**Student:** 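Got a structure for you, written out below as structure tokens; questions coming shortly.
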Amino acid sequence: MSEKYLEIRNITKVFQTPEGGEVRALDDVTLDIASGEFFILLGPSGCGKTTLLRSIAGLEYPDSGEIILQGERIDDKPPYDRPVNTVFQSYALFPHMTVGDNIAFGLEMENVDKDEVAKRVEEALEQVQLAGYAKRMPSQLSGGQQQRVALARALAKKPKVLLLDEPLSALDLKLRRGMQVELKRLQRETGITFVFVTHDQEEAMSMGDRIAVFSQGKIVQLDTPVEVYRRPVNAYVADFIGETNLIKGTVVSGGISLPGGNVLPTDQLAADSVIPASGDVTVAIRPEDLVLATNGMISGTVRDVIFTGDSVRVHVTVGDVEVIASLASYGTEIPEQGSKVTLNPEHRAARTVAS
Amino acid sequence: MTAVTTPPKKQAQRGRPGQSSPKLAYLPIIFLAFAIGVPLLIIVVYSFLEKPSQGTGVKWVFTLENYKALFIQEKLDGTTALDTRYIKVLWTSFYYSLLTTVVTLVLSIPVAMWIATRDARKRNLLVALVTLPFWISILIRTYGMRQIVADEGPIGKFLGIFNIEWSILYSPPATILGLIYVFLPFMILPIYASAERFDFRLAEAAYDLGAKRMTVVRRVILPSIRPGVISGIALVFIPALGSFLQSDMLGGGKTNMVANVIANNFGQARNWPFGSALAVLLIVLTLLFVLIMQGAAQRRGDKVELV
């Protein structure tokens, strides 16, 4: 993954707000994306991830910095001169053209000859499992099908990088899951480098080879899904990726004092946790890493019990904070609301995080 | 939970909310039918009647002479020949209207697109500016135009500095200029209405797929605003074909359009039946044009209704 394919060098982009203020959409962002990688830009809305995507596409020009593709600078080129293509969140299919003409449009711009265009349109439609839909109008298709056409239109150009701007956000959950698997398959089969923008951490983790987590125009963490989930660099990432109990505590000898008079021994924390000699720390524990125990380390009172089918979520009031434990649906005795319980962190998965 | 549920009432009995009674539409429809139908009927009937030997009006004798006279001239020696005078007048009107339509179209597309890409507040202001001429009587505006294009008017004086001769008043260019000026808003507004709905993300998508500026305009923007363009063409071409004020006041009556000839027959020439026949011919030609436009619109699958 160290091979340099798409390099983003010190990109900064500042927008003026109508009120006269400034928003740093991208703040000195640098990253390398490898050839054939499924790369995710993840973050909440307004974090700069879409601005970065649009800068790569050429629909936005950064104030400073460089974008280099295969050793060649592309950031000063207009969008039509860049060998990258975008799948838009709104699909942006041309409503007055048939599905086939939509896909052919990009190829005609390259002066591909007619027979070749027809062949590649058919190919692209097969890739997205819409063979035989070429004569339809976009308005005659469902949202999921329009999304596939948008994908086919971009793929037909055989881009060096395919940019996807929250392409699945308008689909319902079931369709979205199906498309996630299909996109992953398409990416593997075509070998095209995908840069995928999303605010959905689950989507990011299930699809990405690597994830760049954005916050306020900066990359907070860049790593594989497993690493980002298991070793979040700070409370923001821990909270954004998956679900996490963030409990404020104080360092005491041999452990960390948590609310409600509980003490979590140091040897229960992840081995690479950084624990200062004294002062306040934040402990991050995933709900699925907490189990009910007799005489456990964290005691509290059950406030709510929510059965979700595959798990039972128990909200426990610990001192003045609420801690959520996600328990297996079978083989667990479900505690009564109002009862006193104790919890234990498992797998040494709890860790201290920078707040 | 109660076990009793009322069955849903039949929809048709109540009608949908917001749907008014068809009875309310009767009065306006009757009024429109009278206001359009009766004069039209009178014109058609008159066109088949004879002109009285004295005075104005009609003589109730059926004849086809008026239609014959549109194309055929009877000479003093009793022989007949093709009369091209009225064909020429019709051609002139057609030509002026076409020129007006083309020029207003070319001017309106960039203006409409520009307005459509401003923010909401500016858009409203600019649309208000486009409609501003409607606040002043067309007669006064045409008088104004006469002052502007006059030999000694501002344009003439300015060009005079460079020793360029300027003399277009009471000639065809002044008529056409007047037509363009009056009909420009009728072209801008419908195109703007289409352009405002245009999703500019489509233009981005086209750029992204490798299209250059002009290709984006030609293949994505123009097809999207086509309904507005068709409405604009209809709104400019049809009234321009029947306009007479511009050629009367700016063309100096030398450059007659068909409406001037019709007016003249009902006025000084005192030939109502012939004026009626010419009017019927104009209506038929206009209808023909509308049908062609609608046919073109339907072939493209656009939702444009002209008739």
Side-chain angles (χ1 to χ4, degrees), chain A residues 18 50 53-61 77-98 101-112 117 121 124 137-140 146 149-159 161-165 167, chain B residues 109 112-113 116-126 190-191 193-233 293-305:
Chain A
T50 297
L53 196 82
R54 288 171 59 83
S55 299
I56 300 170
L59 299 170
E60 213 84 73
Y61 288 90
K77 287 183 176 176
Y80 49 78
D81 275 342
R82 301 187 188 198
V84 301
N85 288 107
T86 311
V87 176
F88 293 87
Q89 186 171 12
S90 61
Y91 314 149
L93 298 178
F94 306 126
H96 56 282
M97 295 184 199
T98 63
D101 289 346
N102 260 281
I103 299 169
F105 184 87
L107 301 173
E108 285 161 14
M109 295 303 120
E110 290 176 49
N111 295 318
V112 176
V117 169
V121 167
M137 295 306 281
S139 57
Q140 296 170 306
Q146 289 184 25
V149 175
L151 195 62
R153 187 173 68 173
L155 280 174
K157 295 267 291 178
K158 301 197 197 301
V161 179
L162 184 71
L163 308 167
L164 302 104
D165 185 9
Chain B
I109 290 173
M113 292 304 293
T117 47
R118 299 308 98 187
D119 61 57
R121 212 165 42 91
K122 261 204 198 120
R123 272 205 307 261
N124 291 335
L125 179 75
L126 290 166
I191 296 177
S194 276
E196 197 212 2
R197 284 195 299 269
F198 178 68
D199 181 357
F200 281 89
R201 289 176 297 190
L202 295 179
E204 282 194 343
Y207 276 123
D208 186 73
L209 288 165
K212 298 201 172 81
R213 213 181 142 79
M214 279 320 288
T215 314
V216 175
V217 171
R218 194 168 50 80
R219 295 211 40 194
V220 178
I221 297 177
L222 284 184
S224 300
I225 61 171
R226 188 190 302 274
V229 169
I230 291 175
S231 300
I233 290 173
M293 287 287 290
Q294 199 172 30
Q298 270 169 356
R299 253 204 318 284
R300 309 287 315 199
D302 294 333
K303 286 184 188 120
V304 181
E305 301 263 330

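The model shown is predicted, which means the values in this text are computed figures rather than measured ones. Residue numbers begin at 1 in each chain, while the letters A, B, ... track the order of the sequences.
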**Student:** For the side chain of A:Asn85 and the backbone of B:Asp208, is there at least one donor-acceptor N/O pair under 3.5 Å apart?
**Tutor:**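 Present.
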**Student:** Between A:Leu155 and A:Pro159, what is the shortest heavy-atom contact and its length?
**Tutor:**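 Minimum heavy-atom contact is O-CD, 3.9 Å.
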**Student:** Is it the backbone or the side chain of A:Glu110 that comes under 4.5 Å from a heavy atom of chain B, or both, or neither?
**Tutor:**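 Interface part for A:Glu110: neither.
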**Student:** Using heavy-atom distances under 4.5 Å, tell me whether B:Ala203 contacts chain A through its side chain, its backbone, both, or neither.
**Tutor:**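 Neither part, no heavy atoms under 4.5 Å.
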**Student:** Count the heavy atoms of every other residue, nucleotide or ligand shown that sit under 6.0 Å from CZ of B:Arg213, and state whether that count exceeds 12.
**Tutor:**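 Counting neighbours around CZ of B:Arg213, 12 or fewer heavy atoms of other residues, nucleotides or ligands fall under 6.0 Å, so no.
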**Student:** Examine B:Arg219 relative to A:Phe94 and say whether NZ or CZ is less than 6.0 Å from the centre of the six-membered ring and inside a 45° cone about the ring axis.
**Tutor:**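 Cation-pi check for B:Arg219 and A:Phe94: fails.
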**Student:** Please flag which part of A:Met97 lies under 4.5 Å from any non-hydrogen atom of chain B: side chain, backbone, both or neither.
**Tutor:**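 For A:Met97, side-chain heavy atoms alone lie under 4.5 Å from chain B.
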**Student:** Is chain B contacted by the side chain of A:Leu93, its backbone, both, or neither, given a heavy-atom distance below 4.5 Å?
**Tutor:**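 It is the backbone, since no side chain atom gets that close.
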**Student:** Contact part of A:Val84 toward chain B, heavy-atom cut-off under 4.5 Å: side chain, backbone, both or neither?
**Tutor:**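 Just the backbone, heavy atoms under 4.5 Å.
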**Student:** Between A:Arg82 and A:Lys77, is there a donor-acceptor pair closer than 3.5 Å when you use the side chain of the first and the backbone of the second?
**Tutor:**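 Present.
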